[in-house]
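Take a look at the structure below.
Heavy-atom basis, side chains included; hydrogens, waters and symmetry copies ignored. Within every chain, numbering begins at 1; the chains are lettered A, B, ... in the order of the sequence lines, protein sequences first and strands thereafter.
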Amino acid sequence: MNDSSTPIDESVAEESAVGTHFIHTRIKKEMAEGKYEQVITRFPPEPNGFLHIGHAKAIVVNFSMAEAFRGYTNLRFDDTNPAKEEQRYIDAIKQDLSWMGYEWKNECFASDYFDTLYEYALHLIDHGLAYVDSQDAEAIREGRGTLTEPGTESPDRDRPIAENKDLFERMRAGEFADGEYVLRAKIDMAAPNINLRDPILYRIRHLHHYRTGDRWCIYPTYDFAHGQSDAIEHITHSLCSLEFEDHRPLYDWFIEHLPVPSKPVQIEFARLNINFTVLSKRKLTRLVDEGHVSGWDDPRMPTLAGLRRRGFTPEAIRSFCHEIGVTKSESVIPFGVLERNLRDDLNVHAERRMAVLKPLKIVLTNFEAGVTESAHLPNHPQDETLGTRDVPITRELYIEQDDFMEEAPKKFFRLKPGGEVRLRGAFIIRCDEVIHDETGGIKELHCSFDPESRSGLPGAERKVKGTIHWVSAEHAVPATVHLYDRLFQVADPAADKDTDFTAHLNPDSIETVEHAMLEPSLKDWPAGDPVQFERLGYFVADPDSRADALVFNRSVTLRDAWAKIDQAQQG
RNA sequence: UGGGACGUCGCCAAGCUGGUUAAGGCACGGGGUUUUGAUCCCCGCAUUCGCAGGUUCGAGUCCUGCCGUCCCAGCCA
């Protein structure tokens, strides 16, 4: 729709990346009622780790809603806890967000609002709605009560306003040690919602903040900072995950009692869960810190950096987020759904090449030695605009070990003694002789090719059951290939509270193939560009790959009907 | 046993203020095309909406009760 100069919400909204869901429906209604002129959202990560696929969902939801209703999205770092936050995470988060293809309007920091937040705290104190508590952490915890019992009021709860103010100012001035005092909202210690039992607003932390340096030794809690930060930025809709539902009454209380410039509305949706992996920053941090993976960008990690190195595309991640929808019911998405979205994207865009992971040498006995012919292959079977290439053929070739069986089952369509198979893009060969080594293993195969069956000739029409990939032994370039499997061997690694999730790590989550043989055109394949190794899957050159030491990562396998049959037959 | 929320096909998920045969995707099964056992294309796939009652001419949609699952007792976010 580009025939209109004014992007009317309705038409744009229908094309939103997330389609329609309850949040979209609700905002659309509000827009129709004229409640808002535009929708302003924000993506508010804490810079204490890398973004993962779960964040991707939040990113897509927030950005797509603003986009659908002619607004914009801010990127705001909720950096209220200097003990955990670092600049390097900010850099990584921004990089991931850009990679995903999103542009944020303003780059904000909760720490930018520390002065205002401090004023807000003073405002609460002045109105008798906050007090300085001298109880220690344990006493405060005990006083909070339990889920079924009301809490008890702090002895400091009725401290005079002037005294609260004095104490709070001295907290800020650095007169007290960590934990000596805390600022609390005065709400209701008997509230059934525990968040309303005089929540803590400020705590003393004599810590250097990566942005505000040593200017502060008191820091607002997330609960006190988040909603007000949204209000300061004039966020219209604070879209967040379900666990903050209980906090909404508290955020609303702050907004109601503070002179904030706007009143954001919070809407919660279910966060993403994927099986056979973990999606909590705490757990992902442990995987990194304890060395279970090579880093935040290990291709087995569900982080955006990991997925990127694995060969995922932003398009695949976005279509995945689109597919899973946005609701309030918690769901677990099979890992395979993520993989299929990648396949669907790569199938259309990735060029095809041939590569042999586990080489088996074959000798074409009727092919003249020392001669190099070439096969002309399309780079994509459905998209001819991607061009063609020539692949050298010689007397000695490598084929995949898995493509030959000495004693093959009836449904095995590939090469077997006396059997025929087509070499993709070349011709049909017959296996005449199996050469064994001293230990009885298969050393090489002697085959003969049918000259009449060369691709392009009428004889090529002859049907044979299978087509396999191959590479010229003389021209092949060696490479290291990483094959990845799921990081955990159980669907829900965190299910059992008594067993640490790391106990479920899959010991075979990475298989390194050292001597794969690639067709020559792969020699200078750019890192990050996807490629399909025909019949094997989609691969991507690792950032560490060098011309003299190629490294490819398998992003995802191809769908494999044979594997299913094979598995079923073997029981 | 306090509060908040959720429960529609194996996995997701539409289903607005109750109204003909409960969308769609994935998975799965069957068939076709195919020099990737890939892709692609057809066809099939919930008399039933956690359960039990009730209201109604009519309920997945309203009411009542029950069951199940998740979140909350950080000076984390």
Task: A/Arg172 charged N/C atom sitting above A/Tyr118 aromatic ring, 6.0 Å / 45° - done: yes

Task: cation_pi(A/Arg343, A/Tyr538) dist<6.0 Å, angle<=45 - done: no

Separation of [N] [atom2] from [X] [atom1] (nearest whole Å):
| X | N | atom1 | atom2 | answer |
| --- | --- | --- | --- | --- |
| A/His349 | B/rU39 | NE2 | P | 17 Å |
| A/Leu346 | B/rU39 | CG | C1' | 13 Å |
| A/Leu250 | B/rG3 | CG | P | 19 Å |
| A/His322 | B/rG24 | NE2 | P | 16 Å |

Task: Anti versus syn assignment for B/rG10, with syn defined as within 90° of 0 - done: anti

Do any N or O atoms of the protein come closer than 3.5 Å to N or O atoms of nucleotides 12-14 of chain B, and which pairs are they?
residue	atom	partner	partner atom	Å
B/rC12	OP1	A/Val332	N	3.0
B/rC12	OP1	A/Val332	O	3.4
B/rC12	O2'	A/Ile324	O	3.0
B/rA13	OP1	A/Thr327	OG1	2.7

Considering only [options], which nucleotide approaches the side chain of [X] most closely?
| X | options | answer |
| --- | --- | --- |
| A/Thr148 | B/rG37, B/rG2, B/rA38 | B/rG2 |
| A/Glu245 | B/rG37, B/rU36, B/rG4 | B/rG4 |
| A/Val337 | B/rU39, B/rG37, B/rC26 | B/rC26 |

Open item on the list: Considering only residues two or more places apart or on different chains, which pairs with a residue in residues 376-385 of chain A satisfy salt bridge (charged side-chain N to carboxylate O under 4.0 Å, His left out)?
Closed with: none

Task: Pairs flagged by salt bridge (charged side-chain N to carboxylate O under 4.0 Å, His left out) wherever residues 42-55 of chain A is involved - sequence neighbours left out - done: A/Arg42-A/Asp230

Using atom names, set out every protein N or O paired with an N or O of nucleotides 27-33 of chain B below 3.5 Å, distance rounded to 0.1 Å.
residue	atom	partner	partner atom	Å
B/rC28	OP1	A/Lys564	NZ	2.5

Task: Salt bridge present between A/Arg352 and A/Glu534 (N-O < 4.0 angstrom) - done: no

Are [X] and [Y] close enough that their ring centers fall under 6.0 Å?
| X | Y | value |
| --- | --- | --- |
| A/His469 | A/Phe533 | no |
| A/Phe109 | A/Phe77 | yes |
| A/Tyr210 | A/Tyr89 | no |

Open item on the list: Looking at B/rG37, I'd like to know if its phosphate oxygens (OP1 or OP2) sit under 4.0 Å from a side-chain N or O belonging to A/Lys465.
Closed with: no

- [ ] Please state whether the phosphate of B/rU36, meaning OP1 or OP2, lies under 4.0 angstrom from any side-chain nitrogen or oxygen of A/Arg352.
- [x] no

Task: Sole residue of A/Thr152, A/Asp133, A/Asp198 in side-chain hydrogen bond (donor to acceptor under 3.5 Å, both in side chains) with A/Arg157 - done: A/Asp198

Open item on the list: Under 4.0 Å, counting only non-hydrogen atoms across every strand here, what does A/Phe269 touch: a base, just sugar-phosphate, or nothing?
Closed with: nothing

Open item on the list: I need a per-nucleotide contact map over nucleotides 72-77 of chain B, read 5' to 3'. Cutoff is protein heavy atoms under 4.0 Å; write B for the base, S for backbone only, - otherwise.
Closed with: BBSBSB

TODO: Quote, to the nearest angstrom, the C1' distance that separates B/rG19 from B/rG44.
DONE: 29 Å

Task: Test item: A/Arg197 side-chain N/O and A/Ala191 main-chain N/O as donor-acceptor pair under 3.5 Å - done: yes

Task: Short side-chain donor-acceptor distance under 3.5 Å, A/Arg486 and A/Asn275 - done: no

Open item on the list: Tell me if the side-chain of A/Arg414 makes a donor-acceptor pair with the base of B/rG37, cut-off 3.5 Å, by modelled atom types.
Closed with: yes

Task: Test side-chain contact (heavy atoms from CB on, under 4.5 Å) applied to A/Asp492 - qualifying residues, sequence neighbours left out - done: A/Ala494, A/Ala495

